[in-house]
2 protein chains.
Amino acid sequence: MSDILPFEKPRRRSRPVRVADAIKDWVVEQRLSAGDRLPGETEMIERFGMSKGTIREAMRILEAQGLIETRTGPGGGSFVKEPSAERARALLGNYFYFKTLTIADIYALRRALEPDLAASLAGRLDAEALEGLREIVDSYARPAASMEEERDQHVASLAFHARLAAHAENPLLGFMIGFMAQILSDLTVDRRLYTPPNPELWERGRGYQMRLLEALRDGDAETARATMRAHMETAQTLMMDQEAEVLSRFMAE
Amino acid sequence: MSDILPFEKPRRRSRPVRVADAIKDWVVEQRLSAGDRLPGETEMIERFGMSKGTIREAMRILEAQGLIETRTGPGGGSFVKEPSAERARALLGNYFYFKTLTIADIYALRRALEPDLAASLAGRLDAEALEGLREIVDSYARPAASMEEERDQHVASLAFHARLAAHAENPLLGFMIGFMAQILSDLTVDRRLYTPPNPELWERGRGYQMRLLEALRDGDAETARATMRAHMETAQTLMMDQEAEVLSRFMAE
DNA sequence: TAAGATTTGTTCGTATGTATC
DNA sequence: GGATACATACGAACAAATCTT
């Protein structure tokens with residue numbers, strides 16, 4: 001993986017890092033796939049001529065990247081693993097932790113991508129999938145009775161999109177949308193983006209989701225796309241109002 | 001960061017992983033930012049009551065995530081670090097290594113996002129930025145004389161988009177586009193997606209890039225958007241032809 | 001340039017924990 | 001339950017990098 005924008009100073013890499021890279025390359029060369037076993041610690045120690053500690057640090061590096069999994073006991077060892085979407089989201093989240101993302105930034109992408117997702121899913125979800133989505137939407141059918149419930153409803157509403165994304169045929173599209181839902185969910189919770197409640201907009205948003213489900217069931221791609229587009233508009237408005245509210249609360253303190 | 005789609009079995013987490021998480025939480029609590037120094041190994045050993053090896057493994061976990069950087073010597077130690085875009089791309093790349101992404105998958109997103117990027121950049125690039133982009137486009141002004149040059153030209157053409165993405169005001173949009181350029185660059189190189197040459201389409205693509213630069217210089221957002229959209233069409237056609245070629249080469253073997 | 005101080009980097013031996021048979 | 005095969009963890013010593021004087 002040579003880099004397309006060649007920066008980052010080539011500082012001296014420690015042994016564990018070099019070992020981790022070597023193992024990664026080896027796995028690729030050997031065409032190992034998820035579940036395949038890697039050589040044990042003792043064999044690694046011999047093969048690389050390094051101490052146990054160094055090898056273990058290397059394994060931890062791979063583990064942190066979600067690439068291996070390690071088990072103790074007989075038949076144990078390290079195994080190649082496909083990184084979970086959850087871990088990939090977390091790792092990418094680290095990158096954005098240091099950036100300032102506005103609601104507008106995120107919605108610029110949601111508006112561009114989610115309508116396509118909706119269209120691509122029309123007529124392709126089975127009854128079970130539709131039922132699961134329906135349950136989520138139903139979970140916020142009635143107004144929240146408390147702040148906590150308000151928050152949970154907002155999170156659930158984002159989980160609706162994450163769930164939809166999980167059904168995407170295009171893995172890239174699915175991941176990106178799931179990732180945005182995750183970020184928004186995190187932002188919603190720790191910046192209290194669920195207050196003040198805005199029942200009218202909220203209800204409109206839920207209405208769009210229900211109509212979207214119908215269009216998906218009926219295989220009507222264009223209605224699904226248009227509905228999602230409209231939904232994104234109201235959702236963005238809702239969240240930007242709340243973002244502004246957060247700012248003014250912040251300044252008032 | 002509670003998860004929006006709560007899966008993944010809660011297997012027993014090893015000490016280094018727990019220590020790494022604890023340190024991460026501590027950094028957030030203390031509101032440390034990039035460049036700030038973490039406690040040294042010896043202090044960690046005391047604070048956590050764990051051995052040096054365990055602490056070091058924890059540090060390696062954080063390092064692998066691009067969150068810290070460690071230096072030896074006086075004044076050395078571990079320092080909070082903002083993960084580089086490069087590392088974030090690599091980590092996310094691990095996730096997609098196990099997925100099968102088609103050219104069509106990637107272009108579905110490029111078509112949806114890059115025109116927006118182009119429009120958002122109109123009139124916002126300084127002379128230096130425009131010059132840098134111009135140089136890239138010029139680097140493939142004449143037909144490639146060899147396979148290697150053909151490959152390099154394709155990579156450079158993708159670097160044009162990566163460079164553009166680096167100027168994005170929206171960090172999310174910028175990252176996503178840069179990431180796709182990276183994936184395509186990798187695919188291009190290791191699946192030889194630069195053959196057979198298709199001079200006509202290639203030249204049209206380059207023409208779009210030049211017209212795009214003019215529109216960006218002139219601050220004409222709508223022309224920039226339309227030009228990028230057209231460019232994406234021809235680029236997709238070019239690459240899908242080559243992807244098909246790869247498949248038939250593969251089957252012929 | 002050289003010496004010394006500081007901090008991480010690496011090794012090795014040993015002991016413990018854990019899952020399988 | 002006991003033996004076996006693995007990873008996990010500890011501690012002490014030494015090596016290497018880098019800053020200061």
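As a basis for the values below, the full set of heavy atoms in this structure was taken, side chains included, without hydrogen atoms, waters or symmetry mates. All chains are named by letter (A, B, ...) in the order of the sequence lines, taking the proteins before the strands, and each is independently numbered beginning at 1.
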Please report the interatomic distance OH(Tyr194(B)) to OG1(Thr188(B)), rounded to the nearest 0.5 Å. 9.5 Å
So the side chain to side chain donor-acceptor pair (under 3.5 Å) pairs with at least one residue in residues 98-108 of chain A (sequence neighbours excluded) are Lys99(A)-Glu82(B), Thr102(A)-Asp105(A), Tyr107(A)-Arg110(A)
Can you sort out which residues in residues 43-50 of chain B have a heavy atom within less than 4.0 Å of DNA chain D? Ascending by number, please. Met50(B)
Value for CG (Asn170(A)) from CD1 (Ile106(B)), rounded to nearest 0.5 Å, stands at 8.5 Å
The answer to which of Gly76(B) and Pro16(A) contacts DNA chain C further toward the 5' end, by nearest nucleotide, is Gly76(B)
Report the distance from atom CZ of Arg71(A) to atom P of dC21(C), rounded to the nearest whole Å. 12 Å
Without swapping roles, check the side chain of Arg191(B) against the backbone of Asp186(B) for a donor-acceptor pair under 3.5 Å. no
Can you name the atoms? Protein N/O to nucleotides 1-6 of chain C N/O, anything below 3.5 Å, with the distance.
from   : atom 1 : to       : atom 2 : distance (Å)
dT6(C) : O2     : Pro74(B) : N      : 3.3

Could I get the full list of side chain to side chain donor-acceptor pair (under 3.5 Å) partners for Tyr140(A), not counting sequence neighbours? Gln209(A)
Below the 4.0 Å mark, does dA16(D) have OP1 or OP2 next to a side-chain nitrogen or oxygen of Arg15(A)? no
Are side-chain N/O atoms of Thr54(B) and Ser51(B) paired as donor and acceptor at under 3.5 Å? yes
Reckon Arg60(B) has a side-chain N or O less than 4.0 Å from the OP1 or OP2 of dG9(C)? yes
Close residues, residues 52-59 of chain A, relative to DNA chain C [heavy-atom separation under 4.0 Å]: Lys52(A), Thr54(A)
Would you please indicate yes or no on a ring centroid separation below 6.0 angstrom for Phe179(B) and Tyr95(A)? no
Starting at CD of Glu41(B) and ending at C1' of dA17(D), how long is that distance when rounded to a whole Å? 13 Å
Distance in angstrom units between Glu69(A) CD and dT8(D) C1', rounded: 16 Å
Taking the side chain as every heavy atom from C-beta outward, state whether Leu184(A) and Met239(A) have any pair of such atoms under 4.5 Å apart. yes
Looking at residues at least two apart in the chain, or sitting in another chain, which of them share a salt bridge (charged side-chain N to carboxylate O under 4.0 Å, His left out) with Glu43(A)? Arg47(A)
Given side chains that start at C-beta, do those of Leu172(A) and Phe96(B) come closer than 4.5 Å, heavy atoms only? yes
Rounding to a whole Å, what distance do you find between Arg37(A):CZ and dA19(C):C1'? 13 Å
Cationic N near anionic O, under 4.0 Å, Glu63(B) to Arg60(B): yes
